[in-house]
There are 2 protein chains.
Amino acid sequence: MTDAGRDGKPDAETPGTVEGRGSDVIARIHRAIRQRILSGDLPPGTHLAAAEIAGEFRVSRTPAREALLLLASQGFVDVIPNRGAYVRNWSREDIEEVFDLRALLEPHAAARAASRASAQDVAELEALASEMETASRSRSASDRDRLAVLNDRFHRRIASIAGGPRLERFINDTYELVLQAWTFGTFSDEDMARSMMHHRDLISAFRTGDAALAHAVMESHILNARRRYVDRPEAGIDFAED
Amino acid sequence: MTDAGRDGKPDAETPGTVEGRGSDVIARIHRAIRQRILSGDLPPGTHLAAAEIAGEFRVSRTPAREALLLLASQGFVDVIPNRGAYVRNWSREDIEEVFDLRALLEPHAAARAASRASAQDVAELEALASEMETASRSRSASDRDRLAVLNDRFHRRIASIAGGPRLERFINDTYELVLQAWTFGTFSDEDMARSMMHHRDLISAFRTGDAALAHAVMESHILNARRRYVDRPEAGIDFAED
DNA sequence: GAAAACATGATTGCATGCACTTTGCCCCTG
DNA sequence: CAGGGGCAAAGTGCATGCAATCATGTTTTC
């Protein structure tokens, strides 16, 4: 079972020094650095020195280095031999590719999920959709953040229900970026209503096991998001024009 | 342009990967172990001890460990904390998922490639297709191996021409498995002829920039392979029924 | 006799040390 | 003053050491 755990918030402030052996140091560093890259805290081109990271997380250079290697294998940083890791530049083409891949992968996942979703799965998705609708009626920053988290969980849950480990991994790898690009900040009321309706349509398709419908709804859902993004790219990541 | 030797990856920039020049010990170990896993030399469940690998490759445990971490991030092995890395079991469902993903990703890549292929690209693919046709007329083991290598290169080249780094990475990650499952060993003359014709049809679509045709041809190409595989799974990887 | 507890051996995970590469600055030369 | 060579600082990449953890076989206890 995949980590159905908490939201993507890294427990940045762990009071005291819980030098817990056995706590997965590599994974923690990996998540923290990835979060900083996605949030723009570490701008593209930044040199990530192993010693620096090690010092900050109070560990040695070995786990820091291994976390960097993992980030490299996922495409977040480029590792140049004997020179270290550099935060990768996300170009406009990168973002567009991500949307293309989402438009390819997620409808496929939705169709599979429609064929496999249990009543329990549908109930979970409905709970998420209800929460999102509640949050969507507010414009407070915290509710918008919560909406992004819930939306993330909703889509990941569908990928999980689809039941293919590689498909799920691809979607999750692809999805990271979207979280940053798509902050719900630019949604009009109409956009928001349509997005919420898409979720309900998806759930409906899941309940009746209608794979073709789920596929179509998800595709339109993604393509809408893509269009919204392409129309106003300045709202997302500031691109490095190099 | 260096001679494209046995290494299927020339100078193509594969972002995020750690394919460095020189004494890249990690990448070498990574490739070697992956090859053994795919070839069945290391059966599922095998415990990969860091010290053992280190000794065999005459390096220390650190790069061996890091190669294992990379393999884990790609799903080839499972790393259990404080217990080490174990070769992952490939179930029938895993293979079927791989074919599903290929049937999803590669037609997409083919369509993109059709819109972007240069005359140079088309010429390269034609050269590969010609070589494959020559090799396909023989039944010697070496020619069959060569055919697999050429086919691999053909499909990867298309993914490369498609021009999306993540798409290319997904396809390459997915493709590894197929190399083992699909050894051309079970091809009838008719299957072989059809496969070769698909390649020519693809090239034709690339030359005329017909994305829809390229998509359709690739999809039928993959689904044919999938069907052939599903019909006689015993010809490929021996599944671990756990 | 069976189950629990202990001791032992093996292995992982992290820390640290060291050689090699790269880079940037300074000095020297023309 | 411009260009080239060399030197030093920094940082990576790999080797090695050590404590914590887990598996296994033996002993102890009921």
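Just so it is clear: chains get the letters A, B, ... in the order the sequence lines come, proteins before strands, and each one is counted from 1.
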| field | Between C1' of dT12(C) and CG of L68(B), the distance in whole Å | value | 11 Å
| Atom CZ of R65(B) and atom P of dG13(D): how far apart are they, to the nearest Å? | 16 Å
| message | Could you tell me how far apart E66(B) (CD) and dA15(D) (P) are, to the nearest whole angstrom? | response | 10 Å
| query | Roughly, in whole Å, what's the span from CD1 in I80(B) to C1' in dG13(C)? | reply | 15 Å
| query | Is it true that the side chains of T62(B) and R65(B) contain a donor and an acceptor less than 3.5 Å apart? | reply | no
| task | For D78(A) and dT12(D), give me the distance from atom CG to atom C1', rounded to whole Å. | result | 16 Å
| said: So if I take every side-chain heavy atom of P63(B) and compare against dA15(D), dG13(D), dG13(C), which nucleotide ends up nearest? | reply: dA15(D)
| message | When you measure from the side chain of D145(B) to the backbone of S142(B), do you find a donor-acceptor pair of N or O atoms at a distance under 3.5 Å? | response | no
| said: What is the distance, to the nearest angstrom, from the CD1 atom on I29(A) to the P atom on dG13(C)? | reply: 14 Å
| In residues 45-53 of chain B, which residues come under 4.0 Å of DNA chain C by heavy atom? | H47(B), L48(B), A49(B), A50(B)
For nucleotides 16-22 of chain C, list the nitrogen or oxygen atoms of the protein found under 3.5 Å from its nitrogen or oxygen atoms, one pair per line.
| unit_1 | atom_1 | unit_2 | atom_2 | d |
| --- | --- | --- | --- | --- |
| dT16(C) | O4 | T62(A) | OG1 | 3.1 |

| query | So H221(B) and H155(B), would you call those rings parallel, tilted or perpendicular, with 30° and 60° as cut-offs? | reply | parallel
| Selection residues 108-118 of chain A - residue pairs positive for salt bridge (charged side-chain N to carboxylate O under 4.0 Å, His left out), sequence neighbours left out | R112(A)-D100(B)
